[in-house]
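Heads up, the thing below is written out as structure tokens.
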There are 2 protein chains.
Amino acid sequence: MTPETEIVTTIFKDLSFKPEEIQLLVCSFEKLHLPKNSLLLEADQQVYDQYFVAEGCLRTYYIAPDGKEHTVQFAIADWWISDYTAFFNSSKALMHIECIQEATLYKISKNDMESLYQAMPRLESYFRKKMERAFASFQKRIIANLSQSATERYLNFIHTYPNIEQNVKNYHIASYLGITTQSLSRIRKELVQA
Amino acid sequence: MTPETEIVTTIFKDLSFKPEEIQLLVCSFEKLHLPKNSLLLEADQQVYDQYFVAEGCLRTYYIAPDGKEHTVQFAIADWWISDYTAFFNSSKALMHIECIQEATLYKISKNDMESLYQAMPRLESYFRKKMERAFASFQKRIIANLSQSATERYLNFIHTYPNIEQNVKNYHIASYLGITTQSLSRIRKELVQA
DNA sequence: CAAAAAAGTTGACCTATGGTAATAAACTAC
DNA sequence: GTAGTTTATTACCATAGGTCAACTTTTTTG
């Protein structure tokens, strides 16, 4: 396996490709390394790309007018990350993306994605299904936010994403759950005592 | 225009089709009428279908273990509705779908959808893009739930969905916003006074 | 149109979570 | 290993929104 084809087998584990397809895929992606605490994207920037996380941990967060941060998404190995609202509309980012753990990413532009879809319809199927799963999990999160207490949401989070919990600070988790770090701290204390 | 092709031009306004494609589409959809207050879907039922709303108003809601209802989605003309988590996974519904205003729907099964995607890849593009927009709007809702007060979310709702507001009860809106009817009532009172 | 049912409002009180601030603990870097 | 910085905890008070219960208004139905 050449270093180039590594990209393809890493990102599209479940698919197989003809040599010329591999060539096309390899040309569409760009590998990049990101140090801890760096910003991959800032609000108001034009969003051309989405990123596949090969290694590391990142988060997408929104800064409200009052200055408070709200984490919308974490991403660890095998996840995709971007400001998707902006990416899909080719518009400017509302959110920031921060590297939480030193990361290796594969970047691809929206234009190149669309070309790949044209060239390989089964790729479009693949991403449509990914999109469907992402949609379903966001829907679950909305339900959770509407129906559960902060304690329930926290338990649910550490149960569902144990690999993320290990990589991120408690204040990242708090901002994902929609509570303050102080509240999370109280919740954690109660859980230890119980 | 025959009554059959009406389905196609209603649902896929932006696309054009060959006669044999229209035939295929027409065979895949089933038209149905739904009276006000009826249930289109109940939790625990197997979900095979999604529905295009030609007319009327429906809502998808989740009933939490404590018995409280949480509205996840409204749908008016031109929207699609289902329990998508269950539809995508061909699993059992977590949610209920209720007809709020007498409705005309076009129903299609997941299997038929997949066949259509095979036969017409541009249909898959069409739905992938729809999915992307739905994903983006759910993301915005998560951000709103995390960062805004109940009053802000209410104002945002009536501004964004004036056509829905007219069709639904206040307690539907409250359950969509994640507050009680009493709180919504207080919020409305304050807004009138201000 | 009258009665019944459903929806919406209001008030008194309660609770989960937020805000501020001080402190402690855990990392980081020299 | 110590100083400095970042992160987490704790305490005390404030507040948005929830709960319960009564009441009013609107809608539905015969």
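Computed from a predicted model, the values in this text were never measured in an experiment. A, B, ... follow the sequence lines: proteins, then strands. Residue 1 opens every chain.
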Which residues, if any, of residues 55-68 of chain A bring a heavy atom under 4.0 Å of DNA chain C? A/K68
Nearest-0.5 Å distance that lies between atom CD in B/Q166 and atom SG in B/C57: 10.5 Å
Checking B/L105 against B/L40 for the side chain to side chain contact (heavy atoms under 4.5 Å, CB included) test, could you report, in this order, the C-alpha distance in whole Å, the side-chain angles of both residues, the deciding distance, and whether it holds? CA-CA 10 Å; B/L105 307 175; B/L40 177 59; 3.7 Å; yes
Hydrophobic side-chain clustering at under 4.5 Å (ILVMFWY, transitive links): who's grouped with A/L39? Put none if nobody. A/Y61, A/I63
May I have all residue pairs that pass ring pair (Phe, Tyr, Trp, His ring centres under 6.0 Å) and include part of residues 28-55 of chain B, sequence neighbours excluded? B/F52-B/W80
Considering only Ile, Leu, Val, Met, Phe, Trp and Tyr, and joining two whenever side-chain heavy atoms are under 4.5 Å apart, list the other residues clustered with B/I179. B/F74, B/I76, B/W79, B/I100, B/Y154, B/L155, B/F157, B/I158, B/Y161, B/I164, B/V168, B/I173, B/Y176, B/L177, B/L184, B/I187, B/L191
Students should find this one: the first and last nucleotides of DNA chain C, 5' to 3', lying under 4.0 Å from a heavy atom of chain A. What are they? C/dT17 to C/dA21
The helix from C/dC1-D/dG30 to C/dC30-D/dG1: angle between terminal helix axes, five bp per end, to the nearest 10 degrees, reads 60°
Flag, side chain of B/T71 to backbone of B/S175, donor-acceptor distance under 3.5 Å: no
So, using side chain to side chain contact (heavy atoms under 4.5 Å, CB included) as the criterion, who are the partners of B/K36 when residues are at least two apart? B/Q101
Would you mind listing every salt bridge (charged side-chain N to carboxylate O under 4.0 Å, His left out) that reaches into residues 79-102 of chain B, with sequence neighbours excluded? B/R59-B/E98
Could you pull out every donor-acceptor pair under 3.5 Å between side chains of residues 116-128 of chain A and any protein atom, sequence neighbours left out?
| residue | atom | partner | partner atom | Å |
| --- | --- | --- | --- | --- |
| A/R122 | NH1 | A/E21 | OE2 | 3.3 |
| A/R122 | NH2 | A/S16 | O | 2.6 |
| A/R122 | NH2 | A/E21 | OE1 | 2.9 |
| A/E124 | OE1 | B/S125 | OG | 2.9 |
| A/E124 | OE2 | B/S125 | OG | 2.8 |
| A/E124 | OE2 | B/R128 | NE | 2.5 |
| A/E124 | OE2 | B/R128 | NH2 | 3.0 |
| A/S125 | OG | B/E124 | OE1 | 2.9 |
| A/S125 | OG | B/E124 | OE2 | 2.9 |
| A/R128 | NE | B/E124 | OE2 | 2.5 |
| A/R128 | NH1 | A/E132 | OE2 | 2.7 |
| A/R128 | NH2 | B/E114 | OE1 | 3.1 |
| A/R128 | NH2 | B/E124 | OE2 | 3.1 |

Starting at the 5' end of DNA chain D and moving along, which residue's nearest nucleotide shows up first, B/K36 or B/A150? B/A150
Under the 3.5 angstrom rule, does the side chain of B/Q46 hit a backbone N or O of B/S90 as a donor-acceptor pair? yes
Residues two or more places apart in sequence or in another chain: which of them pass salt bridge (Lys or Arg N to Asp or Glu O under 4.0 Å) with B/R188? none
Positions of residues 168-180 of chain B (non-hydrogen atom under 4.0 Å from DNA chain C), listed by number: B/K169, B/N170, B/Y171
Using a heavy-atom cut-off of 4.0 Å across all strands, would you classify A/R186 as base, sugar-phosphate, or nothing? base
With a 4.0 Å cut-off (strictly under) to non-hydrogen atoms of chain B, the first and last hit nts on DNA chain D, 5' to 3', are D/dG17 to D/dT28
